[in-house]
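Sequence lines set the chain letters: A, B, ... in the order given, protein chains first and strands last, and positions in each chain run from 1.
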Number of protein chains: 2
Amino acid sequence: MSLREDRKQQSHQALLDATLALSSQGRAFSTISLREVAHAVGLVPTAFYRHFQDMEQLGLELLDQVAIHLKGVLNQLGQAYLYQPNTRTKTGIELFFQAVEYHPEPWIFFVAERWGGSAVLRAGIEREIRFLTEDVMHELEKMQAAQHIQSSQDLQALAQMLIDLSLNWAMGWIHLQHQADPELRRTQSNVFKTQSVLQMQLLLRGILHWHRIPTKTADPSISTATSTPLI
Amino acid sequence: MSLREDRKQQSHQALLDATLALSSQGRAFSTISLREVAHAVGLVPTAFYRHFQDMEQLGLELLDQVAIHLKGVLNQLGQAYLYQPNTRTKTGIELFFQAVEYHPEPWIFFVAERWGGSAVLRAGIEREIRFLTEDVMHELEKMQAAQHIQSSQDLQALAQMLIDLSLNWAMGWIHLQHQADPELRRTQSNVFKTQSVLQMQLLLRGILHWHRIPTKTADPSISTATSTPLI
DNA sequence: TGTACATCAGTGAACGCGCGTTCACTGATGTAC
DNA sequence: TGTACATCAGTGAACGCGCGTTCACTGATGTAC
């Protein structure tokens, strides 16, 4: 790569990083201005246009990078379980929280903009969640404990639930790390970790005892699903 | 109430309603301007100050109203189950989606601003979620199917999970109602409904087969929780 | 009931500010010979 | 290797616009007598 290309690439990535930093400080993406991002990187506002058409395009490119990170973390967790299926739930949750704490920014951006002010970004994130759900589904298919769940619809519902829960756990954990008092932070973090483990285990019990009452038809518009009493 | 007070109250509520309407059209609260809200209501910008100090104060008052609505919907669902414990899961989910579809705005505001651009609003929403979780906990305590879950920590983890899942279901459902093609909307809505029922049932299996391995101590910072293998 | 004064929701002009975007430019880097 | 020209990331002035906020105001409604 030439000197010129190299320097351009640096500015380009710096603009993306500055935006992610602002986002993870609690700013809504749709309130972050082009001028602000350029200034943070030491560029004049008009230089922004050498890299992106507008903030929306920057947002989409940032989403790409963020999604790759999330996918990496989730895949790594999945791999760990495939190779050591007897790992404790608590250890798994701790690994997850460790990854989230080390790189909280992508999680914050992803969750905050999932229902944020930019329609294009929302659509992009929904798309990425579909991909992540597929990933998790395929990992579940390989796992021993979930082998008896055969319906792909059941597996998808489970995968979707795991993704949603992961996002909630991640945000809860990040939020707790902002507690100033270190003693209080320690206590609350432990309570939260325990609760997350309990939630995961509740789900595991459900999987373990899963046996689906077969539906009459494959047409989802007619399907009545199962019908056990709700609590 | 005097004529003057009455008219003031109308403008006051109109400002709140206009803001909620903008929010539920996908706008981030932190991008909604005082001038815009005043204009939507047919007031001059400066008249806004007769009602609220700034947009943040309006946001907090709006959150109060929104939280009352959500609490009402969840309580009504809980009551329905207390009086008819054998209702099908599917019927319960359908009642929930019906309530959400009839009044989607509060759900959109609540979920979008949960991780939105206003720190004060985020704190307020976190507070309301704690209250909602307590509510659900107390309803669970009264229910037959969850009687064998005794630890209040387990109950809280379950309640928290139910709240989080409800918010996800609500947003997923609202999102689907924006699908323009009526045939596609019907199909996708049915798939989504089926998946939500499956998720609820998976959780119910977990509850049904719940028996907690006792922890050694009550101190959550030392507690090791349970430790069954994670999938 | 009628009058004189007080209250106060809503008005309209004005302000300084940060915004996105345009345009002609500069000067370091790249390329052709 | 040296020179002459092309490319293009970054500059700086300028623009019109919507923003929050101030201020003195208006006139319908409320209150005291």
Side-chain angles (χ1 to χ4, degrees), chain A residues 1-23 25-63 65 113 116-121, chain B residues 1-23 25-63 65 113 116-121:
Chain A
M1 193 184 281
S2 73
L3 182 57
R4 204 190 245 167
E5 282 174 281
D6 191 43
R7 282 179 184 164
K8 174 162 189 179
Q9 180 50 35
Q10 278 181 33
S11 293
H12 191 89
Q13 188 59 45
L15 288 167
L16 290 163
D17 291 345
T19 306
L20 185 59
L22 287 167
S23 161
Q25 280 159 31
R27 292 276 303 280
F29 177 77
S30 41
T31 68
I32 300 173
S33 72
L34 164 171
R35 288 181 102 102
E36 192 175 11
V37 174
H39 182 79
V41 160
L43 286 181
V44 108
T46 46
F48 180 92
Y49 294 107
R50 296 285 172 204
H51 301 278
F52 305 98
Q53 191 193 315
D54 50 26
M55 278 301 288
E56 188 175 275
Q57 202 185 85
L58 180 149
L60 286 174
E61 204 170 314
L62 182 54
L63 174 57
Q65 300 190 357
E113 300 311 324
S118 158
V120 180
L121 223 40
Chain B
M1 193 183 281
S2 74
L3 182 58
R4 201 190 248 167
E5 282 174 281
D6 191 43
R7 283 180 183 164
K8 175 160 189 181
Q9 181 50 35
Q10 278 181 32
S11 294
H12 191 88
Q13 188 59 45
L15 288 167
L16 290 163
D17 292 344
T19 306
L20 185 59
L22 287 167
S23 161
Q25 282 159 29
R27 292 275 304 278
F29 177 77
S30 41
T31 70
I32 299 174
S33 74
L34 165 169
R35 289 182 102 102
E36 192 176 11
V37 175
H39 182 77
V41 161
L43 286 181
V44 108
T46 46
F48 180 93
Y49 294 106
R50 296 283 171 205
H51 301 277
F52 304 98
Q53 192 193 314
D54 50 25
M55 278 300 289
E56 187 175 276
Q57 203 185 82
L58 180 150
L60 286 174
E61 206 170 313
L62 182 54
L63 174 57
Q65 301 190 357
E113 299 310 324
S118 158
V120 181
L121 224 40

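The phosphate of dT29(D) (OP1 or OP2) has a side-chain N or O of Arg7(B) nearer than 4.0 angstrom. Between His51(A) and dG10(D), a side-chain N or O to OP1/OP2 separation shorter than 4.0 Å is present. The phosphate of dG10(C) (OP1 or OP2) has a side-chain N or O of Ser11(B) nearer than 4.0 angstrom.
Rounded to whole Å, atom P of dA14(C) lies 14 Å from atom CZ of Arg35(B). Between Lys8(A) atom NZ and dG27(C) atom C1' there is a gap of 17 Å when expressed in whole angstrom units. Atom pair Glu5(A):CD and dT31(C):C1' shows a separation of 13 Å (rounding to whole Å applied). Counting to the nearest Å, the C1' atom of dC19(C) and the CZ atom of Arg27(A) are 13 Å from each other. Atom-to-atom, CZ of Phe52(A) to C1' of dG10(D) comes out at 15 Å; the value is rounded to the nearest Å. In this structure, the CD atom of Gln13(B) is 17 Å from the P atom of dA9(C), given to the nearest Å. Rounded to a whole Å, the CG atom of Leu3(B) is 13 Å from the C1' atom of dC8(C). Atom C1' of nucleotide dA9(D) and atom CG of Leu15(A) are separated by 12 Å, given to the nearest angstrom.
The listed nucleotides are dA9(C), dA28(C), dG30(D); the one nearest the side chain of Ser2(B) is dG30(D).
Among the protein residues, Tyr49(A) comes within range of the nucleic acid bases, having at least one heavy atom under 4.0 Å from a base atom.
To the nearest 0.5 Å, atom CZ of residue Phe48(B) and atom CG of residue Leu58(B) are 5.0 Å apart. Rounded to the nearest 0.5 Å, atoms OH (Tyr49(B)) and CG (Leu34(B)) are 4.5 Å apart.
Looking only at distances, no side-chain donor or acceptor of Arg35(B) sits under 3.5 Å from a matching main-chain atom of His39(B).
Leu121(A) and Leu63(A) get closest at one heavy-atom pair: O-CD2, 4.2 Å.
Between Ala47(A) and Ser33(B), it is Ala47(A) whose nearest contact on DNA chain D lies nearer the 5' terminus.
For dG10(D), its base never sits under 3.5 Å from the side chain of Thr46(A) at any donor and acceptor pair. Residue side chain Arg4(B) does not reach the base of dG30(D) through any donor-acceptor N/O pair under 3.5 Å, judged by distance alone. For Arg50(B) against dG10(C), a side-chain N or O and a base N or O form a donor-acceptor pair under 3.5 Å.
Applying the side-chain hydrogen bond (donor to acceptor under 3.5 Å, both in side chains) test to pairs two or more places apart or on separate chains, those with a residue in residues 13-23 of chain B are Gln13(B)-Asp17(B), Gln13(B)-Gln65(B).
In this structure, dG16(D) forms a base pair with dC19(C), meeting either the Watson-Crick or the G-U wobble geometry with both donor-acceptor distances under 3.5 Å. Using Watson-Crick or G-U wobble geometry with both donor-acceptor distances under 3.5 Å, dG27(D) finds its partner in dC8(C). Across all strands shown, dA32(C) forms a Watson-Crick or G-U wobble pair with dT3(D), both key distances being under 3.5 Å.
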